[in-house]
Amino acid sequence: MQNVRNAQRTQRLMFRVLPAALALALATTAHAQNTTNDNAPCKTTTADGKPCKRSTDITQLDTVQVNGVRGSIADAIAIKQSSPLIVDSIVAEDVGKLPDNSVAAALQRVTGVQVARSGGEVNTVLIRGLPDVVTTFSGRNIFTTTGRSIALADIPADLVERVDVYKTNDARSIEGGIGGLIDVRLRRPFDFKDDWTLAGTANGIYSRNAGHTDPFGSITANKIWHTDAGKFGVMAAASYQKQRYEESSTFNFISDLRDNPMGTGGKVYIPETIGSIYNLGDRTRRSANFTVQWAPNDKTDIYFENFYVGYRNTYNNPFWIPLPVIANGSNVTSLTTKPGTNVVQSLTADNMFTLTSDQAFQSSSDTYQSALGGSWKGERVTLSTDLAYTYSKASTRDFILDTGFIAPRITMNFDNGGATNATVTNADGSAYNLANPSNYFLNQYYDQWNHQTGKDWSWKNDATIKLDAGPINAIDVGLRASWRNATNIAADTGGRPNISGTTAFMSSFPGMASLTPSNLLDGALYTSPNQWMLANPNYLLTHSAQIRVAMGYSPSAPLANPALYFNDKEDTYALYAQARYGFNLGDVPVDGGFGVRRVRLNSTLQGTEILGTEQTPVTINKSSDVWLPSFSANFNLRDDLILRAAYGKTITRPAFAALNPQLSLYQATATIPASGSGGNPNLNPVRSSNTDLSLEWYFRPASLLSAAVFHRDINGYIQTYADSEVVDGVSYLVSRPRNTGNGTLEGAELAYTQFYDFLPGWLSGFGTQLNATFINANTQSPTGQRQDLVNVSKRAYNAILIYQKGPYSARLAYNWRSRYAVAYNPGGAQPQSIYNAPVDDLDFAVNYDVNKHLTLTLEGTNLMGRVVHTQFGTSQYLFPRDAIMMERTFMFGARFRL
């Protein structure tokens with residue numbers, strides 16, 4: 001019954017949105033109505049009167065070598081119009097020039113894509129609110145270590161020719177993403193128009209909060225030879241990116257409902273901890289792409305492609321952590337509540353144990369992929385094959401040291417415009433010296449390391465056979481096999497208090513003491529303190545043994561914990577077949593396809609099962625078969641007007657780490673309650689049935705007006721929930737991934753792109769891109785409650801003003817998304833949901849072509865520098881959680897091409 005109601009809502013949405021879009025399209029100027037789209041590759045009929053045949057694979061299109069934002073947008077629109085599926089694309093303006101600095105950043109401009117930023121960059125990409133996205137390189141899957149995909153921020157824009165965002169699937173699509181599929185195409189030698197090309201970028205990126213300028217650069221060389229043995233090309237490209245960044249935040253942790261410590265009766269909500277955090281990093285990425293391509297004749301193309309990306313990040317998180325949880329009737333001297341509530345606004349207490357902490361991290365990853373493949377095109381048969389090997393490794397090392405002091409008097413404010421602050425003074429009200437290392441003693445430390453590897457051999461073979469069988473004009477068949485392995489080895493001591501019997505002060509360790517920066521939240525909200533003393537992060541990583549000994553432990557690094565080990569092997573075999581058709585429905589040409597993909601998965605997971613204090617090695621074998629049907633129809637209402645309909649089923653497998661049966665437990669400390677985290681080997685794949693409808697009007701060259709509606713019936717969506725688990729008589733709040741029940745995601749997208757070249761003079765250089773996404777998404781929690789899907793904003797908008805005239809081009813891009821759920825069941829007595837408040841960003845880019853060989857560039861991100869807020873429940877006033885200031889960047893430099 002619920003599915004019937006969902007279908008009815010979707011139908012109503014379709015009937016409302018699409019007629020409105022069509023009416024808007026028909027209301028455009030007569031000049032636009034009568035203009036034939038020069039980019040349209042699919043006319044009403046072919047020369048012999050048969051229905052047109054849409055491109056079978058958009059990666060086969062011969063894209064124009066573009067120079068400038070206008071050519072880039074024109075190519076992207078041509079790809080969308082030619083594709084048999086619903087797709088949006090980003091095409092490089094020139095060699096080394098996507099619209100943004102990374103693939104992840106560029107994708108935020110795409111209709112239906114939502115992003116999140118941290119560490120001075122875009123690092124999370126969602127399609128229609130879902131993170132379940134397959135990433136491919138030229139159609140082959142790529143990933144990082146034990147993940148299902150690669151971090152799109154790791155792919156430098158300088159090496160990319162174009163990015164395609166598939167919102168619908170067909171039988172040829174690699175299974176794994178209910179959100180969609182993002183295909184990144186790196187350049188190959190034959191993509192270049194000239195026989196010899198040398199191009200590159202030289203930029204400096206200035207991170208405003210951090211106050212540092214770092215290099216961003218790339219180089220691409222390509223050579224093509226025309227010989228008696230055919231056409232031969234070699235391309236080599238490399239990219240180097242470095243960025244030092246600084247972000248900061250304040251926080252309220254979960255609240256307890258406690259007796260009023262002032263002794264006035266009643267209960268009040270008091271956070272267990274509050275505080276401030278800096279996020280300080282020094283990140284580098286090194287990338288390279290080397291490809292050899294050979295075409296012995298006009299029918300055959302052979303390639304050998306290689307890609308590498310190396311990621312390094314040394315970063316630390318300085319914490320300031322007052323502890324209102326230990327305030328009581330003996331030390332609280334004053335307390336206020338928010339008017340009309342029992343939620344504490346502020347309190348003052350004497351002789352309060354207070355913490356500072358520094359979390360020091362070193363992380364690295366290296367990912368390699370090599371592929372050998374080719375294609376052959378006959379008159380009726382096209383064959384292709386691709387054999388790829390992917391290897392990825394990653395390591396993380398971190399050491400956390402909590403240092404404590406006794407605050408003579410501390411006044412804590414839990415909500416100062418969404419931020420927290422705590423002022424420390426002496427008992428007489430005079431200033432307390434937070435910069436004196438003699439006041440701080442070593443309280444506890446955490447010692448962790450992790451090594452991960454991922455390996456995969458994959459082989460796919462595809463064939464297309466052209467037919468003259470009535471409406472059936474082609475058959476696609478193929479197979480793909482993948483042999484994947486993911487391994488994790490790790491150590492985690494949990495919190496280790498000082499058991500040496502001697503108080504160790506920070507001043508006793510030369511070189512340990514360090515002050516934080518002093519621009520918390522960049523001054524956007526009042527906070528106190530802005531600066532405090534803690535352990536130097538480099539000292540923590542290089543003098544770990546000395547700290548262990550001083551606190552009563554062995555100087556050796558912790559041994560690998562069997563409970564954190566897993567080794568997962570997955571063998572996947574897929575067969576597909578689909579028919580493509582074309583016919584005339586009256587005067588309307590119709591084309592599309594229908595088919596099915598059959599996927600078999602055999603997996604073997606080796607890990608450790610924890611029952612109480614018992615650790616038992618386990619081997620879990622699973623096998624499954626799934627059929628994934630798909631159907632699409634494209635109605636070519638006019639040369640410039642297309643109505644598309646699509647239906648398909650998709651699955652997403654759980655992350656390897658989520659399947660690990662391990663359980664990590666952490667005893668209660670002064671800063672946190674007893675807690676734990678674990679995996680769930682009983683997780684099932686997420687299944688989705690997808691329906692899409694899209695109307696697209698290509699009313700002028702390089703122009704588009706479109707409306708789309710979509711509906712997803714989702715079963716078993718995976719979200720993390722915390723629940724109480726008793727181990728050896730102790731109750732822990734344990735977070736585990738769990739399958740939810742039945743859910744839905746439905747919504748609509750609107751998009752408009754146009755250049756106003758009909759305007760006079762310099763005004764003819766202007767253009768705009770506008771898009772909006774509206775989503776309603778919810779699922780059934782493990783306990784049967786209806787909840788919003790995490791990460792899904794109900795509304796998202798992009799507004800981009802573009803200018804290109806003569807040697808000048810510019811782009812001003814505004815992005816906004818509404819609030820969204822972050823997590824559920826965090827513990828505490830406050831509301832059990834966490835929401836991120838609405839977020840907006842403003843970016844710009846300006847280019848000046850000195851000549852045809854040299855372009856000067858200037859770009860900026862996060863220009864408004866707003867504070868981002870999160871909250872418990874729906875009221876930021878009652879239960880604010882985080883106030884976050886993201887990094888702002890400015891990039892300046894040059895791009896050359898010879």
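As a basis for the values below, the full set of heavy atoms in this structure was taken, side chains included, without hydrogen atoms, waters or symmetry mates.
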Legend entry - Check: Asn488/Thr146 side-chain N/O donor and acceptor closer than 3.5 Å: no
Inset, instruction - Would you give the length of the straight line joining atom CG of Asn141 to atom OG1 of Thr135, rounded to the nearest 0.5 angstrom? - result: 6.0 Å
Inset, instruction - Could you go through the side chain to side chain donor-acceptor pair (under 3.5 Å) check for Arg188 and Gln293 one step at a time? - result: CA-CA 7 Å; Arg188 289 178 179 169; Gln293 198 170 5; 5.7 Å; no
Inset, instruction - Would you check if there is a donor-acceptor pair between the side chains of Thr487 and Asn485 at a distance under 3.5 Å? - result: yes
Legend entry - Under 3.5 Å side-chain donor-acceptor pair for Tyr315 and Asn317: no
Inset, instruction - State, without any angle test, whether Ser287 and Ser239 hold a side-chain donor-acceptor pair at a distance under 3.5 Å. - result: no
Inset, instruction - Give a yes or no on this: more than 12 heavy atoms of other residues, nucleotides or ligands lie within 6.0 Å of atom CH2 of Trp449. - result: yes
Inset, instruction - Would you please say whether a donor-acceptor pair under 3.5 Å links the side chains of Gln448 and Asp492? - result: yes
Legend entry - Electrostatic pair Asp841-Arg117, nearest N-O below 4.0 angstrom: yes
Inset, instruction - Could you tell me the separation between the CZ atom of Arg283 and the CG atom of Asn313, rounded to the nearest 0.5 Å? - result: 6.0 Å
Legend entry - Residues Ser482 and Asp456: side-chain donor-acceptor under 3.5 angstrom: yes
Inset, instruction - Any chance you could measure Leu898, atom CG, to Thr197, atom OG1, to the nearest 0.5 Å? - result: 9.0 Å
Inset, instruction - Indicate whether any N or O donor in one side chain lies under 3.5 Å from an N or O acceptor in the other, for His451 and Ser395. - result: yes
Legend entry - Phe307 ring center near Phe137 ring center (under 6.0 Å): yes
Legend entry - salt bridge (Lys or Arg N to Asp or Glu O under 4.0 Å) contacts touching residues 208-223 (sequence neighbours left out): Arg208-Asp522, Asp214-Arg244
Legend entry - Lys231 NZ: over 12 foreign heavy atoms closer than 6.0 Å: yes
Inset, instruction - Would you verify whether the NZ or CZ of Lys455 falls within 45 degrees of the ring axis of Tyr389 while also being under 6.0 Å from that six-membered ring's centre? - result: no
Legend entry - Residue pair Thr300 / Trp294, side-chain donor-acceptor N/O under 3.5 Å: no
Legend entry - Side-chain donor or acceptor of His853 paired with backbone N/O of Phe896 under 3.5 Å: no
Inset, instruction - Tell me yes or no: between the side chains of Arg70 and Gln804, is some donor less than 3.5 Å from an acceptor? - result: no
Inset, instruction - Would you check if Ser370 and Leu372 make a side-chain contact, meaning some heavy-atom pair closer than 4.5 Å? - result: no
Inset, instruction - For the pair Asp462 (side chain) and Ser384 (backbone), establish whether a donor and an acceptor sit closer than 3.5 Å, ignoring hydrogens and angles. - result: no
Legend entry - NZ/Lys242: more than 12 non-hydrogen atoms of other groups inside 6.0 Å: yes
Legend entry - Donor on one side chain, acceptor on other, Asn847 and Thr855, under 3.5 Å: no
Inset, instruction - Pick out which of Val133, Val103, Val122 makes a side chain to side chain contact (heavy atoms under 4.5 Å, CB included) with Leu152. - result: Val103
Legend entry - With Arg312, the side-chain hydrogen bond (donor to acceptor under 3.5 Å, both in side chains) member among Asp282, Asp366, Thr284: Asp366
Legend entry - Aromatic Phe216 / basic Arg285 pairing, under 6.0 angstrom, 45° off normal: no
Legend entry - Cation-pi, Tyr820 ring and Arg817 (6.0 angstrom, 45 degrees): yes
Inset, instruction - Evaluate the side chain to side chain contact (heavy atoms under 4.5 Å, CB included) criterion for residues Thr213 and Phe892: first the C-alpha distance (whole Å), next the side-chain angles of each, then the deciding distance (0.1 Å), finally the verdict. - result: CA-CA 10 Å; Thr213 301; Phe892 50 92; 3.9 Å; yes
Legend entry - Distance-only donor-acceptor check, side chains Gln452 and Thr145, under 3.5 Å: yes
Legend entry - Gln243-Ser207 side chain donor-acceptor pair, cut-off 3.5 Å: yes
Legend entry - Any donor-acceptor N or O pair under 3.5 Å, side chains Tyr814, Asp840: yes
Legend entry - salt bridge (Lys or Arg N to Asp or Glu O under 4.0 Å) partners of residues 136-149, not counting sequence neighbours, each pair once: Arg140-Glu305, Arg140-Asp386, Arg148-Glu570
Legend entry - Between Thr111 and Asp88: side-chain donor-acceptor atoms closer than 3.5 Å: no
Inset, instruction - Would you check if there is a donor-acceptor pair between the side chains of Ser375 and Asp301 at a distance under 3.5 Å? - result: no
Inset, instruction - Consider only side-chain N and O atoms of Asp158 and Thr201, and report whether a donor and an acceptor are under 3.5 Å apart. - result: yes
